[in-house]
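Numbered from 1 within each chain, the chains take letters A, B, ... in sequence-line order.
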There are 2 protein chains.
Amino acid sequence: MNGMTKTRTYSISDLAREFDVTTRTIRFYEEAGMLLPERNGQTRIYTDEDRVKLKLILRGKRLGFSLAESRELIEMYDPTSDNLKQLHALRAKIQQSREALQQQLTDIQLMQTELDAAEERCLEAMRELES
Amino acid sequence: MNGMTKTRTYSISDLAREFDVTTRTIRFYEEAGMLLPERNGQTRIYTDEDRVKLKLILRGKRLGFSLAESRELIEMYDPTSDNLKQLHALRAKIQQSREALQQQLTDIQLMQTELDAAEERCLEAMRELES
DNA sequence: AGTTACCTTTACGTTAACGTCAACTTGGGT
DNA sequence: ACCCAAGTTGACGTTAACGTAAAGGTAACT
């Protein structure tokens with residue numbers, strides 16, 4: 001009785017294929033304490049929850065986050081804390097993350113306008129060659 | 001007669017202070033061929049152009065780009081090319097960069113909504129403690 | 001019984017992006 | 001003349017994030 005979570009499982013290469021990473025990478029994330037799959041004997045068995053975590057890690061990676069940073073983001077996921085002070089700390093972290101993301105947004109927008117300008121110059125150079 | 005570019009100059013530690021990096025980092029970017037400051041004897045002298053390049057490198061870094069990627073972005077800056085084929089290649093690169101940035105935008109938005117949810121759960125947990 | 005396809009652990013190798021000395025030189029104050 | 005701050009060039013060290021064998025286990029075909 002866990003809220004109807006689809007309890008599918010995945011092998012390591014299932015996930016590797018789906019997210020286009022190597023199995024080594026996935027095992028590495030486990031070494032780093034980011035994933036804790038169950039086992040059938042030796043063999044790792046991944047649940048949907050593991051899969052979500054992996055997805056979060058890789059999303060973080062695309063944004064240039066280190067594993068440590070992604071770990072923090074993932075830990076924000078469940079406020080298991082029963083301690084008010086820790087909850088305040090968690091909110092502070094969430095706020096920090098927001099600000100970091102905001103900076104990235106700004107950076108992306110700047111880059112986009114610069115790409116616009118770059119393309120404009122490029123097109124201009126092409127027009128001159130055709131003249 | 002170069003379009004009224006302010007021709008200020010900077011020492012290496014001027015830039016280091018301004019952008020909060022070490023001088024080693026700046027020299028490293030030069031080793032990597034990203035900066036080519038003039039010299040007064042031994043001493044490096046940075047122009048506004050160098051400063052802009054450094055700014056671009058660091059912006060790329062905040063977005064998780066490698067130096068190689070930032071180098072490509074910087075090279076898009078002036079279409080010095082007199083060759084039509086190269087200009088087409090340049091446009092293709094620009095387009096690729098656009099798509100990468102678009103992916104990052106999506107990732108950021110997803111993260112932001114997840115941060116919203118995380119904060120909501122956090123606040124919820126805090127309310128329960130006060131009950 | 002043999003091969004194939006995955007899975008495992010252990011362990012050393014690699015690359016990027018710097019950090020960290022060490023051993024200079026150089027221009028400016030006192 | 002002496003010192004100090006800021007600059008320089010090597011050159012080796014470090015960390016993160018995997019890559020890359022090596023050596024072996026296991027279940028399923030054929």
Side-chain angles (χ1 to χ4, degrees), chain A residues 8-47 50-51 53-75 97 100 103-104 107, chain B residues 8-47 50-51 53-75 97 100 103-104 107:
Chain A
R8 238 203 92 178
T9 65
Y10 308 84
S11 78
I12 193 169
S13 45
D14 284 344
L15 294 183
R17 258 187 304 275
E18 177 174 359
F19 293 111
D20 195 31
V21 297
T22 68
T23 61
R24 174 70 178 96
T25 298
I26 296 179
R27 291 199 197 94
F28 174 74
Y29 293 155
E30 183 176 344
E31 280 180 48
M34 314 281 298
L35 298 173
L36 289 160
E38 292 155 30
R39 299 274 181 141
N40 180 2
Q42 293 250 81
T43 322
R44 278 164 251 250
I45 297 184
Y46 296 88
T47 68
D50 295 319
R51 202 191 135 218
K53 283 189 183 177
L54 179 55
K55 194 189 289 191
L56 291 179
I57 295 171
L58 295 175
R59 180 188 296 158
K61 190 183 172 186
R62 284 197 300 273
L63 292 175
F65 293 10
S66 71
L67 274 103
E69 290 168 324
S70 288
R71 183 205 315 279
E72 295 225 314
L73 283 173
I74 289 177
E75 282 168 3
S97 300
Q103 173 68 49
Q104 290 211 355
D107 285 334
Chain B
R8 238 203 90 178
T9 65
Y10 308 85
S11 79
I12 192 168
S13 46
D14 285 344
L15 294 183
R17 258 187 305 275
E18 176 174 0
F19 294 110
D20 195 31
V21 296
T22 68
T23 61
R24 174 69 178 97
T25 297
I26 298 180
R27 289 196 199 96
F28 174 74
Y29 294 155
E30 182 176 346
E31 281 180 48
M34 314 279 297
L35 298 172
L36 289 160
E38 291 155 32
R39 300 275 180 138
N40 180 2
Q42 293 248 83
T43 321
R44 279 163 251 250
I45 298 184
Y46 297 88
T47 67
D50 295 319
R51 206 196 124 199
K53 283 189 182 178
L54 180 56
K55 193 188 292 191
L56 291 178
I57 295 170
L58 296 175
R59 179 187 298 159
K61 191 182 172 186
R62 285 196 301 273
L63 292 174
F65 294 9
S66 70
L67 277 104
E69 290 168 325
S70 288
R71 183 205 313 280
E72 294 225 316
L73 283 173
I74 290 177
E75 281 169 2
S97 299
Q103 172 67 50
Q104 291 211 355
D107 286 333

For DNA chain D, which residues of [range] approach it to below 4.0 angstrom with any heavy atom?
range: residues 13-26 of chain A; answer: A:T22, A:R24, A:T25
range: residues 59-68 of chain B; answer: none
range: residues 31-41 of chain A; answer: none

Side-chain touch B:I26/B:Y46, heavy atoms, less than 4.5 angstrom: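 The answer is yes; the side chains approach within 4.5 Å.
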Report the residues that fulfil salt bridge (charged side-chain N to carboxylate O under 4.0 Å, His left out) with [X], sequence neighbours left out, ordered by chain and then residue number.
X: B:D107; value: A:R62
X: B:R51; value: B:E18
X: A:R59; value: B:E114

Those residues that, when tested against A:T43, pass side chain to side chain donor-acceptor pair (under 3.5 Å) (two or more places apart):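 Side chain to side chain donor-acceptor pair (under 3.5 Å) check on A:T43 returns nothing, list empty.
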Counterpart residues, side chain to side chain donor-acceptor pair (under 3.5 Å), relative to B:Q104 (two or more places apart):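 B:Q104 satisfies side chain to side chain donor-acceptor pair (under 3.5 Å) with no other residue.
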Those residues that, when tested against A:T22, pass side chain to side chain contact (heavy atoms under 4.5 Å, CB included) (two or more places apart):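 Side chain to side chain contact (heavy atoms under 4.5 Å, CB included) check on A:T22 returns A:R24, A:T25.
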Test side chain to side chain contact (heavy atoms under 4.5 Å, CB included) applied to A:E69 - qualifying residues, sequence neighbours left out: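 Result, side chain to side chain contact (heavy atoms under 4.5 Å, CB included) vs A:E69: A:F65, A:S66.
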Might you list the N or O atoms of the protein lying below 3.5 Å from N or O atoms in nucleotides 22-26 of chain C, with each pair's distance?
none

Closest-nucleotide 5' rank along DNA chain C - winner of B:Y29 and A:T43: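 Nearer the 5' end of the strand: A:T43.
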In residues 33-40 of chain A, what donor-acceptor pairs under 3.5 Å come from side-chain atoms, sequence neighbours left out?
{"residue": "A:R39", "atom": "NH1", "partner": "A:Q42", "partner atom": "O", "Å": "2.8"}
{"residue": "A:R39", "atom": "NH2", "partner": "A:E30", "partner atom": "OE2", "Å": "3.3"}

For atom CZ of B:F28 and atom P of C:dG19, their distance in whole Å: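 After rounding, the gap between these two atoms is 10 Å.
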Between D:dC18 (P) and A:E30 (CD): distance, integer Å: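 Nearest whole value for this atom pair: 15 Å.
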side-chain N/O B:S11 vs D:dG7 OP1/OP2, d < 4.0 Å: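 So the side chain of B:S11 is within the cut-off, an N or O lying under 4.0 Å from OP1 or OP2 of D:dG7.
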